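By convention in this document, chain letters (A, B, ...) are assigned in the order of the sequence lines, proteins followed by strands, and residues within each chain are numbered from 1. Everything quoted here is computed from the prediction, not taken from an experiment.
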2 protein chains.
Amino acid sequence: MDYAPPLADNRFLLLEVLDAPGQLRPAAGHEHTDPALFEQVLEEAARFVKGAVAPLRAAGDQPGCRFEGGSVTTPPGFRDAYQAFCKAGWPALACAPEDGGQGLPWVLEGVLYEWLSAANHGWTMAPGLLHGAYECLRHHGSEELKAAWLPQVASGEWLATMCLTEPHAGSDLGLARTRATPQADGSLRVSGTKIFISGGEHDLTENIVHLVLARLPDAPPGPKGLSLLLVPKRLADGTRNTVSCERIEEKMGLHGSPTCVMRFDEATGWLVGQPHRGLAAMFVMMNAARLHVALQGIGLLDAALQLARAYAAERRQMRVPGPRDASQAADLIEGHPAVRRILETQQCWVDAGRVLAYQTGIELDLARSHPDADRREAAQQWCGLLTPVLKSAFTEQGFHGASDCLQVFGGHGYVREWGVEQIVRDARVAMIYEGTNEIQAIDLLVRKVLPDGGAALDAVLARLQDDGGGDPRLLPAIERLQGATRGVADAARQDAQAAYWVAGDYLRAVALVLAGWAWSRIARHPGATGPRWQAPADAFWRWVWPELDMRLAMLQAPTRP
Amino acid sequence: MDYAPPLADNRFLLLEVLDAPGQLRPAAGHEHTDPALFEQVLEEAARFVKGAVAPLRAAGDQPGCRFEGGSVTTPPGFRDAYQAFCKAGWPALACAPEDGGQGLPWVLEGVLYEWLSAANHGWTMAPGLLHGAYECLRHHGSEELKAAWLPQVASGEWLATMCLTEPHAGSDLGLARTRATPQADGSLRVSGTKIFISGGEHDLTENIVHLVLARLPDAPPGPKGLSLLLVPKRLADGTRNTVSCERIEEKMGLHGSPTCVMRFDEATGWLVGQPHRGLAAMFVMMNAARLHVALQGIGLLDAALQLARAYAAERRQMRVPGPRDASQAADLIEGHPAVRRILETQQCWVDAGRVLAYQTGIELDLARSHPDADRREAAQQWCGLLTPVLKSAFTEQGFHGASDCLQVFGGHGYVREWGVEQIVRDARVAMIYEGTNEIQAIDLLVRKVLPDGGAALDAVLARLQDDGGGDPRLLPAIERLQGATRGVADAARQDAQAAYWVAGDYLRAVALVLAGWAWSRIARHPGATGPRWQAPADAFWRWVWPELDMRLAMLQAPTRP
């Protein structure tokens with residue numbers, strides 16, 4: 001069974017619950033945004049995802065990508081689907097009109113990528129890397145560099161990579177050793193080995209634009225000595241650059257996306273942005289990239305849920321107390337409480353995730369182009385704080401929730417042909433890449449909340465509170481979270497490691513408060529009635545919300561005994 | 001890195017903390033059990049596991065088992081290791097001396113299988129199925145049947161299977177349709193298709209003894225119409241029976257164990273036990289089989305933990321607050337709180353799991369052969385209640401904890417060569433087979449606790465309490481658990497579905513109380529000092545124990561709104 005975007009659900013949350021067009025209309029460039037435009041884009045996107053990308057999921061797992069003689073062959077159908085994707089203009093959906101894009105709000109791209117990831121995570125990795133590269137180049141590339149490379153990246157004609165990790169430098173990019181040596185003509189020669197490069201080599205496009213972190217000869221040690229370079233697979237005249245793929249990794253999943261070991265042997269490249277400011281140049285796209293990953297988690301969870309729901313609606317095993325169909329030897333398992341609880345709980349995470357990720361997507365645009373500086377600042381705070389929370393919480397739910405959905409199938413869930421075990425394997429990587437979930441927690445608590453004494457977080461929490469009509473459970477939870485923040489701050493002053501021990505609990509507590517806001521926001525919409533919205537709402541408050549007390553209890557004693 | 005049994009840890013818990021030999025000595029047949037015997041068996045077992053089985057783990061995943069023309073080829077080395085296993089007498093370790101066994105306590109077999117599963121889950125599936133078959137045959141087979149088949153099953157010369165599941169009958173075996181038709185010579189003809197048959201076909205032994213659930217012509221519908229039959233791959237004269245393997249499943253993991261679709265075409269078999277009493281004949285081995293699965297979870301978690309610990313002791317990334325080694329560019333990640341928390345928390349689950357599973361293994365023997373009927377009854381209660389709890393809690397921890405260990409590796413954890421992702425994939429199946437974890441929860445709460453008003457559970461909890469010297473947190477927790485039991489019982493009287501909704505929470509609450517007892521038991525041993533035992537003890541009370549409050553809160557409102 002292929003994934004089908006649940007258009008009505010996404011539409012309801014994006015247009016009705018959040019009124020995305022109304023929120024975006026004050027922003028420069030989005031004055032003419034209206035629901036009809038959203039509807040049209042969503043409908044076309046849903047059609048493309050279902051028709052062109054979803055049917056290729058199984059092939060993405062087996063045979064997956066193959067490596068031979070330095071070349072990577074992507075699974076059957078991948079290239080055609082990618083060509084169709086470009087031809088329809090999807091890569092440039094949110095790119096600036098001056099770069100050949102359609103200038104649509106980021107949140108529409110977000111929904112598109114949620115669906116694409118749900119339908120086929122492996123395939124989606126390829127275009128998924130375009131957007132960060134586009135932002136980097138657009139904001140930091142020289143005019144010359146942009147003229148030569150930006151239009152093809154915006155349109156997706158050439159795919160892009162981010163070459164950051166090295167064997168000994170993963171989470172700690174400051175340890176990277178790849179060197180870049182300036183040449184007389186203004187170019188640089190780049191040498192080194194990069195690993196875990198998604199899409200480092202493939203047959204989807206004629207050229208590949210690598211963005212590479214490397215050190216100039218005079219670079220200081222550590223992260224402040226990293227520069228960003230553009231190093232293409234083929235130079236402007238079509239000749240091969242000295243960039244090669246040594247092998248692709250054998251992985252737990254995501255076999256549709258080649259994870260490459262890339263070797264740069266005095267390869268020709270050009271500086272993007274200022275020397276030694278490579279990490280800063282990448283920060284421009286970090287929130288958007290992490291939000292993309294959160295949406296992968298949400299999408300993959302929804303994909304697993306669709307499969308489990310369909311199976312539970314056909315599989316009969318045993319009786320449960322209650323009314324039964326005497327014409328059958330057993331009840332449908334969708335009526336078993338253990339199964340219902342799994343399905344309704346995962347649905348409540350998917351729904352809350354959409355509300356939070358879409359609102360954050362809206363804030364990304366407002367942070368950039370709202371006319372009011374205070375509103376831009378508020379949007380920036382929202383994105384900075386929510387992004388690590390959503391990346392961590394929803395990639396974790398993507399994996400664990402998909403595993404719960406697998407459980408609905410019993411033994412069949414463990415077998416490949418049903419598809420759900422692939423989703424579990426594919427989803428696992430999202431807890432690691434784009435900053436491990438442990439790093440997201442440290443980013444939230446140690447880098448963002450504690451340094452300003454919780455002021456930015458208070459501002460975001462005040463927005464949740466002021467949102468009005470909230471569930472009565474929400475306000476006391478916000479106050480308790482604020483108390484916990486003060487407690488952790490006090491403990492951190494006594495013991496510098498304290499915050500590191502409980503950063504994960506802190507992130508979970510924030511995630512639960514945010515999800516509580518999301519459900520309170522959904523519930524106050526008059527359309528959120530009937531079992532579709534009531535069952536996951538009940539599941540949220542009954543089965544998910546109680547974790548908040550547990551996390552707050554753990555936060556009370558952050559210092560090691 | 002291959003798995004190495006942590007002999008000193010197992011020894012300490014089994015001999016020092018639990019004094020297994022002393023507990024077993026009153027039981028018939030174990031009068032001469034002493035620590036020296038235990039030490040000797042454990043040492044030999046550890047040597048065999050490490051030398052013969054652990055090195056084959058990667059081959060068990062790739063190439064795994066292959067199917068061609070009705071035959072299954074097991075991975076390179078599997079057959080030799082199995083032959084060596086039999087030659088050394090390991091299959092018959094706990095079999096009765098009159099059947100050619102060594103008559104050693106069950107708990108020693110339990111430790112052996114914990115290590116084997118940790119070292120190589122796929123390989124271990126083959127001998128793992130012998131023990132249930134042996135018990136079934138021994139207790140229910142006719143003298144004739146036993147004479148012909150029992151010695152070879154006891155010695156492992158012929159491997160065995162349990163053929164229960166059919167395509168439409170998984171958790172609900174009562175729906176099974178395989179037919180058995182009596183013949184004039186006392187044999188029966190068996191026809192039907194069975195799926196998910198571990199080791200249904202392979203090249204490890206010359207013959208395979210299938211135990212098959214089927215219906216006699218006059219069978220009543222449902223589970224009370226199932227009979228158990230012995231259907232061998234080869235008949236006594238060596239000719240092939242009409243039993244064939246149609247295919248093997250492609251699975252998420254456990255590729256070292258062939259999961260077969262088996263076809264019986266008027267195959268010759270013989271009744272084991274009474275007609276229509278097949279399920280009862282299998283119950284004789286259910287507790288032992290489920291405890292084996294719990295030990296798989298514990299073993300696989302320990303295997304993942306060994307890998308993660310070794311990686312964390314060599315990998316340097318970033319700085320954490322605190323003393324640092326200035327000669328290095330970054331700190332070892334084993335010093336990072338996020339990593340330490342993962343390692344220490346998983347260790348606390350492994351240790352608690354061992355105490356609980358070993359004590360339950362001891363009770364299995366006491367239930368059978370203690371001279372005092374009251375003690376036998378108490379042991380039976382213990383096994384009946386703890387087995388579903390341990391099966392569910394420790395297979396869940398085996399999977400989720402192994403996934404946490406994978407996280408320690410960052411991106412490397414997602415890559416095959418490091419081995420940890422195989423453990424995550426292999427461990428997933430244990431949450432499903434031998435009764436899904438949802439079924440374990442229903443078994444505990446609906447079938448065992450509620451029917452006698454919690455009396456048997458109270459008896460077990462009283463034993464935990466009386467054990468003395470306990471942690472002060474334990475007694476109030478036991479009382480709250482008893483209160484929750486009364487609450488759920490009241491709710492279940494109002495709403496027959498209520499207990500089904502919260503059965504999983506109830507099982508978790510019991511598991512946490514049991515783990516609290518285990519840690520309180522370890523802590524009172526004077527040898528449980530130093531970081532080896534203090535760090536996981538702290539982790540347990542800080543990071544694991546708070547879940548109990550959450551589960552008890554969920555149990556307060558078991559009726560759906």
**Student:** Can you tell me how the ring of H400(A) sits relative to the ring of H400(B), calling it parallel under 30°, perpendicular over 60° and tilted otherwise?
**Tutor:**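 If you compare the ring of H400(A) with that of H400(B), the planes turn out tilted.
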**Student:** Restricting to non-hydrogen atoms, name the atom on G410(B) and the atom on I432(A) that form the minimum distance, rounded to 0.1 Å.
**Tutor:**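 G410(B) and I432(A) have their closest heavy atoms at C-CG2, 3.4 Å.
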**Student:** Can you tell me which of H168(A), R428(A), E249(A), E421(A) forms the most heavy-atom pairs within a distance under 4.5 Å of chain B?
**Tutor:**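 The candidate making the most pairs under 4.5 Å is R428(A).
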**Student:** Side chain, backbone, both or neither: which part of H412(A) has a non-hydrogen atom closer than 4.5 Å to chain B?
**Tutor:**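 Both parts, backbone and side chain.
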**Student:** Do you know which two heavy atoms are closest between Q317(B) and S171(A), and how far apart they sit?
**Tutor:**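 What the structure gives for the nearest pair is OE1-N, 3.1 Å.
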**Student:** Which atoms of I442(A) are under 4.5 Å from chain B, going by heavy atoms: the side chain, the backbone, both sets, or neither?
**Tutor:**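 The answer is neither part of I442(A).
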**Student:** Picking from I439(B), D549(B), V415(B), which has the most non-hydrogen pairs under 4.5 angstrom with chain A?
**Tutor:**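 It is V415(B).
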**Student:** Heavy-atom distances under 4.5 Å only: say whether R551(A) touches chain B with side chain, backbone, both or neither.
**Tutor:**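 Looking at R551(A), just its side chain touches chain B.
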**Student:** Measure I342(B) against the heavy atoms of chain A and call it side chain, backbone, both or neither at under 4.5 Å.
**Tutor:**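 Only the side chain of I342(B) comes within 4.5 Å of chain A.
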**Student:** Rounded to the nearest 0.5 Å, what separates atom CD1 in I333(B) from atom CG in D172(A)?
**Tutor:**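 Rounded to the nearest 0.5 Å, the CD1-CG separation comes out at 11.5 Å.
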**Student:** For a quick test of reading the model, state the closest non-hydrogen atom pair linking Q407(B) to N437(A) and the distance between them.
**Tutor:**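 Scanning both residues, the minimum pair turns out to be NE2-N, 3.8 Å.
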**Student:** Name the region of A169(A), side chain, backbone, both or neither, that has any atom closer than 4.5 Å to a heavy atom of chain B.
**Tutor:**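 For A169(A), the backbone is the part near chain B, not the side chain.
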**Student:** With a 4.5 angstrom heavy-atom cut-off, which part of S403(A) approaches chain B: side chain, backbone, both or neither?
**Tutor:**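 For S403(A), the contact with chain B is made by backbone and side chain together.
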**Student:** Quick one: of R425(B), H336(B), R341(B), who has the most non-hydrogen atom pairs under 4.5 Å with chain A?
**Tutor:**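 Sorted descending by pairs with chain A, the first entry is R341(B).
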**Student:** Side chain, backbone, both or neither: which part of A553(A) has a non-hydrogen atom closer than 4.5 Å to chain B?
**Tutor:**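 No part of A553(A) comes within 4.5 Å of chain B.
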**Student:** Quick check, are the ring centers of F196(A) and F409(B) under 6.0 angstrom apart?
**Tutor:**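 No, ring centres 6.0 Å or more apart.
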**Student:** Can you give me the closest heavy-atom contact between L254(A) and Y414(B), atom names plus distance?
**Tutor:**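 Between these two residues, the closest heavy atoms are N-OH, 3.6 Å.
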**Student:** Can you see which heavy atom on P337(A) is nearest to which on Q497(B), and at what distance?
**Tutor:**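 Smallest heavy-atom distance, with atoms named: CG-OE1, 3.8 Å.
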**Student:** Chain B: which of L406(A), T165(A), T436(A) shares the most heavy-atom pairs with it under 4.5 Å?
**Tutor:**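 If we count pairs closer than 4.5 Å to chain B, L406(A) comes out on top.
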**Student:** So for Q62(A), is it side chain, backbone, both, or neither that comes closer than 4.5 Å to the heavy atoms of chain B?
**Tutor:**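 Side chain of Q62(A) only, per the 4.5 Å heavy-atom cut-off to chain B.
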**Student:** Would you name the heavy atoms of M550(B) and E547(A) that are closest together and state the gap between them?
**Tutor:**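 What the structure gives for the nearest pair is SD-CA, 3.4 Å.
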**Student:** Would you say R177(B) has more than 12 foreign heavy atoms packed within less than 6.0 Å of its CZ?
**Tutor:**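 No, because the 6.0 Å sphere around CZ of R177(B) holds 12 heavy atoms or fewer from other groups.
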**Student:** Quick check for you: to the nearest 0.5 Å, what is the distance between Q328(A) atom CD and L175(B) atom CG?
**Tutor:**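 Those atoms lie 10.5 Å apart.
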**Student:** Below 4.5 Å, heavy-atom pairs only: which of P221(A), P223(A), G253(A) has the largest tally toward chain B?
**Tutor:**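 Going by pairs under 4.5 Å, I would pick G253(A).
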**Student:** Checking P167(A) against chain B: side chain, backbone, both or neither under 4.5 Å from a heavy atom?
**Tutor:**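 Backbone of P167(A) only, per the 4.5 Å heavy-atom cut-off to chain B.
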